Amino acid sequence: MLWSRAWKALALVAGLAPTSDAITYSPLKPPSYPLAVRSPYLSAWIPGNEVASISNNNAQFWAGNKLIWSVIARVDGVAYNLFGVAVPPSGTQSATVTAATYTSTHSTFTLTAGSREFTLDFFSPVSPKNYLRQSLPFSYLTVTLAAGDASSVQIYSDIDASWTGQTSDSSWSYSTSGSTGVFQIEAVGTATYSQNSDGQALWGSAVYATRPANSSSLSTASGPSLAVRKTFVNSGKLTGNHADWISTGVVGFAHDLGATAAESTVTFAIGHVREQSINFFDQAQTGYYRATYSDTVDAVVHFLDDYDDANAESTQFDDLIQDTGTSSHGSNYSDILALSVRQVYGGIEVTIPNDSLDTSDTRAFIKEISSDGNINTVDVIYAAFPIFYILSPEIIKLLIAPVFEYMGTSAYTKSYAVHEIGANYPNATGHPSDGEEMPIEESGNVIFLTYAYQAATGNTDLATTYSVQLKQYADYLYENGLYPASQLSLNDALGELANQTNLAVKAAVGLATYGALVGQSNYTTAGKEFADKIWTDRLGTDEDGTRFLIQYGITPWFLVYNHYPDLLFGLNAFPDEAYIVTAEFYPTVRSEAGVPLDGSIGWGQTNWQSFVAATVSGDTRDLLISDLHTYVSNGLNSAPFCDRYWVEDSGSYSAGQEYSFRARPTLGSHFALAALSAGNTWSS
Ligand SMILES: *[C@@H]1O[C@H](CO)[C@@H](O)[C@H](O)[C@H]1NC(C)=O
Ligand SMILES: *[C@@H]1O[C@H](CO)[C@@H](O)[C@H](O)[C@H]1NC(C)=O
Ligand SMILES: *[C@@H]1O[C@H](CO)[C@@H](O)[C@H](O)[C@H]1NC(C)=O
Ligand SMILES: *[C@@H]1O[C@H](CO)[C@@H](O)[C@H](O)[C@H]1NC(C)=O
Ligand SMILES: *[C@@H]1O[C@H](CO)[C@@H](O)[C@H](O)[C@H]1NC(C)=O
Ligand SMILES: *[C@@H]1O[C@H](CO)[C@@H](O)[C@H](O)[C@H]1NC(C)=O
């Protein structure tokens, strides 16, 4: 008691926020809130457990390293730290957080500072069909001063070189375009397309921009962090001095709103821009937006101009996700969907060739964030495809066409589909000879993805252009898929196994899908014959046909999910009984925090739990979604949505804790049920 009172007093003296129980988290407190999540290199988050003291806690890159990004507000001469001020300047106070919310596109925090209330609205647009808006490598931070007693208010914000991935040697510059002020910070002496050990881009530039709102006046400075912040704290404005870069330096903006009782807002744009964004077989690709805004300052000015339209779109988009989640499986499900969206689209870049800027030559690239950094991993696209099927099926084509392009060159000689087109994003320079091979896995996946695109859009161009390759992979499945040789599946943590039931299921459904794709019924029949052997003849099940096994004739059981496309595409390769019986089985092997991936391990995979939630119904579906909801809201985790977690206590982990992955764009899988219930109606 005494200790706690003393600690609180100390905390107040030091300017640290007292931990408050009075925060409203809606719809729940997630492991981590997306702040600016737009590309693999613009990926700023804050752990849910740090939000109570957001005034003193820093944003983090997806890998967990700190990003310096602060907001301070002055109300009648008293400075309140709102966000990211780890070392509060003397004389400042911490604002008190009262509410935290997230939607599909916004993370919003409400704070009280003296007599006034502020909200910080971190808005990362998701505009899946508008490639210009989607590809702009910026995110908005809007600070709103709520209407209240008339007071004199100034708002300050800064960033530093942590956004460039290299704090030891950088440079910065300031420029203006009309009333917009733009800072750019670049790492010095680093190679194009290179990353630091946290996965941050070392080439290109971090961008911070704003413009005066209404009649507010804007001042700027760059210089030592403490000095720049103190100037603001003391005077409410900045000097206009732009000192040379130093390692303790920040670039800062101050808005003076004057004496006001009205609601007022100021908006900042934060970004990370790379002119050459992807190395696609030595052909530099650049952001799609560069066809229209080839200059970075023009691009960020446009981004600020676009705020009202982007925000209006986001309101509709958020409602759409909410409604579809709720109508598919209630609000627990929509909570999960809303948290997943930015992480998926923030793992992707939409590009055009840097030389031609030809938008008819658009591609998309996805990074296998945190698990290995591969580029356009086919099974990552497979995991994510349900969200694209619903929202933007064209993106499936943009992602998978570069894979077909590569497989069509003499550099690729295998008879099965490739795992990815490069080990290290952004270098799409080909699959390394010692890279992962997943023959059945990826051969099935390219067929599913092609068909998903075609089914959702009605366009046959992908199947036509790559017809020879697709037939080759279908024939590969036919010849090798029923008794898969020892090989990896996408669950590579399980190692190479022979006769993997889930791979054979992939081959069966892959063949049926190919039959539907090209209208050749002999493939459909072949797929059905495989499925009959696996399920009806018990090749891949226990003797009584109550569960799928991991390998033919070998326990443990396995959470088989590769028949999801069978249901989505309405192919009926597997009999209904396979879904009904496994729906009865899975609840019997659920561990404390969920159903594991197989009967011998203590962890589960949210992607595949979500595919299975779509294929089963009733109580089992309820259980899978409810477990997922408990996992994201249990307060035990802090990483950007980790798609693998412990379902039971194991070593130093406890049930419900995340298991090493973070921020992977695979979370489109969470839309599997929505894709089945809602279909791809939104995409039209
Ligand atoms: C990409 O390739 C370039 C050389 O072309 C290299 O400097 C860079 O480090 C590579 N990037 C990664 C992430 O490995
Ligand atoms: C601009 O000022 C008007 C009048 O004071 C106010 O109603 C409005 O909310 C302000 N707009 C912004 C964006 O601050
Ligand atoms: C990309 O395009 C810009 C503008 O045309 C040009 O200056 C630059 O050299 C190009 N870079 C590459 C690698 O093609
Ligand atoms: C695969 O399963 C079949 C049928 O049970 C068996 O004959 C074959 O030996 C298995 N293959 C391997 C590599 O274990
Ligand atoms: C299906 O029929 C086509 C056309 O006759 C043939 O080329 C192909 O090999 C057959 N595939 C299978 C799996 O039977
Ligand atoms: C929603 O998820 C929570 C766990 O976070 C669970 O307790 C509750 O039963 C779920 N609600 C429904 C309707 O399934």
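Please read these numbers as outputs of a predicted model, since none were measured by experiment. Whatever order the structure lists ligands and atoms in, that order sets their numbers, starting from 1.
- Interface of Tyr425 with ligand 1, defined as ligand atoms under 4.0 Å from a residue heavy atom, comprises 13 (C).
- The nearest heavy-atom contact from the protein to atom 13 (C) of ligand 4 is Ala498 CB, 3.6 Å.
- Every atom of ligand 3 with a heavy atom of Glu275 under 4.0 Å away is listed here by number and element: 1 (C), 3 (C), 8 (C).
- Looking at atom 10 (C) of ligand 1, its nearest protein heavy atom turns out to be Asn427 ND2, 2.5 Å.
- Remark: minimum distance from atom 7 (O) of ligand 1 to any protein heavy atom is reached at Ala191 CB, 3.9 Å.
- Interface of Asn424 with ligand 1, defined as ligand atoms under 4.0 Å from a residue heavy atom, comprises 12 (C), 13 (C), 14 (O).
- Residue Leu667 comes nearest to Val344 through the heavy atom pair C-CG2, 3.7 Å, listed as atom of the first residue, atom of the second, then distance.
- Between Tyr561 and Phe558, the angle of the ring planes lies from 30° to 60°, which puts this pair in the tilted group.
- Between Tyr208 and Trp69, the ring planes lie perpendicular to each other; the angle is over 60°, past the 30° to 60° tilted range.
- Remark: minimum distance from atom 2 (O) of ligand 3 to any protein heavy atom is reached at Asn354 ND2, 2.5 Å.
- Relative ring orientation between His242 and Tyr174 is described as parallel, the plane-to-plane angle staying below 30° on a 0-90° scale split at 30° and 60°.
- Ligand-side atoms of ligand 4 in range of Tyr483: 2 (O), 3 (C), 4 (C), range being under 4.0 angstrom from any heavy atom.
- Residues Trp62 and Ala663 approach most closely at CB-CB, 3.7 Å, considering heavy atoms.
- A salt bridge links Asp305 and Arg211; the closest N-O separation between the charged side-chain nitrogens and carboxylate oxygens is under 4.0 Å.
- Among all protein heavy atoms, the one lying closest to atom 9 (O) of ligand 1 is Ser194 CB, 3.6 Å.
- None of Phe365, Tyr131, Tyr293 except one satisfies the ring-ring contact (aromatic ring centres under 6.0 Å, His included) rule with Tyr288; the exception is Tyr131.
- In terms of protein heavy-atom proximity, atom 8 (C) of ligand 1 is closest to Tyr193 O, 3.5 Å.
- Of all the heavy atoms in His563 and Val505, the pair that sits closest is N-CG1, 3.7 Å.
- Closest protein heavy atom to atom 14 (O) of ligand 4: Asn499 ND2, 3.7 Å.
- The distance from ligand 1 to the heavy atoms of Gln195 drops below 4.0 Å at these ligand atoms: 13 (C).
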